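Just so it is clear: chains get the letters A, B, ... in the order the sequence lines come, proteins before strands, and each one is counted from 1. Because the structure is predicted, anything quoted here is derived from the model rather than measured.
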Protein chains: 2
Amino acid sequence: MTRPLRADAARNRRLLLAAAADEFAERGLDASVADIARRAGVGKGTVFRHFATKDDLIAAIVLDRIDALNAAGERLLEAADPGAALLEFLTVAAHQRQQRDLSFLQEAGELTEEVTKVRAQMFHTVHRLVDRAREHGAVRADVTGADVILLMCAPNYVTSYVPGASPDLWQRYLAIIFDGLRPEGAHPLPHPPPLTP
Amino acid sequence: MTRPLRADAARNRRLLLAAAADEFAERGLDASVADIARRAGVGKGTVFRHFATKDDLIAAIVLDRIDALNAAGERLLEAADPGAALLEFLTVAAHQRQQRDLSFLQEAGELTEEVTKVRAQMFHTVHRLVDRAREHGAVRADVTGADVILLMCAPNYVTSYVPGASPDLWQRYLAIIFDGLRPEGAHPLPHPPPLTP
DNA sequence: TAGCAAGTTGACCGGCCGGTCCGCTTATTG
DNA sequence: CAATAAGCGGACCGGCCGGTCAACTTGCTA
């Protein structure tokens, strides 16, 4: 039985999460807690009252993003065209990452049990999306869900090295990579897929 | 007219470069100068005698790698099959990065003028390799050298998130991405290519 | 082999960062 | 409105890191 947060505390928590997301997006995971607190307009102590450690703060942000991806994935499992559904899932994922760059989502490995659990769910959803697409002939026979999970973030990764580029440039590389996943013109792959994720 | 290094100094310089490459590969760019010095078996002051700043040390390593890539690229410009030449260049690049992970090669933006210069040469070589492959029909008409430069490091990037994986897993993703670059089964790209690099 | 410049070393410095703590403020509630 | 606990803030701590320096060692050369 946990008491609800006091009104000002709830407001500060929201401000902190937003400020942290912005700061991490701009400066990467090395952004300092003091800067996040300043950006949110609160004292540094307040950060640690809401999140015991910096990692817990990161975990809270990551959890939100993965949850959103999960929701999109579940929805797209019902879509009529499995190939288009997979492409749209990857589009949603890349778009979300572009909004506020969360490259570090992967960098920060095992954050909390909860993150690990939700991420496993998300991975499972991707596997199902890929299986459906493959059975439908929209994806080559030799790619697996694990392949798509690994390739999922590549479009954002490659565009992050063009500082002045259009924020939509990732769409180009998602299209190229997705063409590589299609059955048409596929060449045999020189290495078996990984067992995880 | 710079005098040659003393024998022990030259040896220490080599030890330092090797130790730094290993340490950066294992711990990323955050590896501390003190650890690098310990690994090389020298005092911390010696590091700064050879490399004025930590960034200069990084630049020295990066320079070596890019030079090697340049040499391979120049050689492959003479190859008979332009498509195979481009694929081999990408294979050499990915293999080199896998040997000692230099993901940070890109992270560390403008290090020194010399790095910028050599990197520009390498970019130029890639452009030429891609142009030849495109004219030969081995690569789709709508991809540019800049596209390939950006995608060049993606295979290593995606496999870096499978800790226990085979060290050759990158070959699988290079193959998938290269299939995406082929003309067969290519779908129109939704976004124009970047002007740089 | 003697003298010296080149090279080495590790203690030390200033600065930053994650995290703690305690006195102060304020929302809540009866 | 008064009492109280929940929340807040920022000085402070220990640790780490890049970089400096002055005393010491050593390879080179005449």
Side-chain angles (χ1 to χ4, degrees), chain A residues 1-62 104 107-112 115, chain B residues 1-62 104 107-112 115:
Chain A
M1 207 50 215
T2 72
R3 309 242 319 229
L5 281 182
R6 233 167 66 173
D8 55 343
R11 189 186 56 99
N12 280 342
R13 190 175 204 279
R14 269 184 293 106
L15 288 175
L16 271 173
L17 283 171
D22 288 344
E23 201 73 15
F24 285 139
E26 285 177 18
R27 305 199 199 268
L29 274 189
D30 288 343
S32 79
V33 173
D35 283 345
I36 291 169
R38 198 173 310 125
R39 188 165 190 145
V42 302
K44 197 169 62 153
T46 305
V47 179
F48 289 100
R49 159 156 284 267
H50 287 280
F51 308 96
T53 74
K54 187 182 177 179
D55 277 352
D56 284 340
L57 170 57
I58 297 171
I61 296 173
V62 167
F104 52 80
E107 287 171 32
E110 309 287 309
L111 283 171
T112 65
V115 167
Chain B
M1 207 52 216
T2 71
R3 307 246 314 231
L5 280 182
R6 233 169 64 176
D8 56 341
R11 190 185 56 99
N12 281 343
R13 191 174 202 278
R14 271 186 290 105
L15 288 175
L16 271 173
L17 283 171
D22 287 345
E23 201 74 13
F24 286 141
E26 285 176 17
R27 307 198 197 270
L29 274 189
D30 288 341
S32 80
V33 174
D35 284 346
I36 292 169
R38 200 173 307 124
R39 188 166 190 144
V42 302
K44 195 169 64 153
T46 304
V47 180
F48 289 100
R49 164 159 214 81
H50 287 281
F51 308 96
T53 74
K54 186 181 177 179
D55 277 352
D56 284 339
L57 171 55
I58 297 170
I61 296 174
V62 166
F104 51 79
E107 288 171 30
E110 309 290 308
L111 284 171
T112 66
V115 167

Inset, instruction - Measure the CG-CG distance between A:Leu15 and A:Asn12 for me, rounded to the nearest 0.5 Å. - result: 6.0 Å

Legend entry - Whole angstrom value for the distance that separates P of D:dC8 from CG of A:Leu15: 10 Å

Legend entry - Which residue lies more 5' along DNA chain D, comparing B:Lys44 with B:Arg6 via nearest heavy atoms: B:Lys44

Inset, instruction - Working to the nearest 0.5 Å, report the span between CZ of B:Arg27 and OG of B:Ser32. - result: 8.0 Å

Legend entry - Beyond-backbone contact of B:Leu17 with B:Phe51, side-chain heavy atoms, under 4.5 angstrom: yes

Legend entry - Spatial distance of atom CD1 (B:Ile61) from atom CG (B:Leu16) [nearest 0.5 Å]: 9.5 Å

Inset, instruction - Answer yes or no: is there a side-chain heavy-atom contact under 4.5 Å between B:Ile36 and B:Phe24? - result: yes

Legend entry - First and last nucleotide of DNA chain C, 5' to 3', lying under 4.0 Å from heavy atoms of chain A: C:dC17 to C:dT28

Inset, instruction - Not counting sequence neighbours, which residues clear salt bridge (Lys or Arg N to Asp or Glu O under 4.0 Å) with A:Arg49? List them please. - result: none

Legend entry - Of residues 7-14 of chain B, the positions that come close to DNA chain D - non-hydrogen atoms, cut-off under 4.0 Å: B:Ala7, B:Asp8

Inset, instruction - Could you identify which residues of residues 47-55 of chain A place a heavy atom less than 4.0 Å from some atom of DNA chain D, listed by residue number, or say none? - result: A:Arg49, A:His50

Inset, instruction - Mind checking the CG-NE2 spacing from B:Leu57 to B:His50? Nearest 0.5 Å is all I need. - result: 11.0 Å

Legend entry - DNA chain C contacts made by residues 30-43 of chain A, counting heavy atoms under 4.0 Å: A:Ala31, A:Ser32, A:Val33

Legend entry - Gap separating the CZ atom of B:Arg13 from the CG atom of B:Leu5, nearest 0.5 angstrom: 7.0 Å

Legend entry - Listed partners of B:Arg38 passing salt bridge (Lys or Arg N to Asp or Glu O under 4.0 Å), at least two apart: B:Asp35

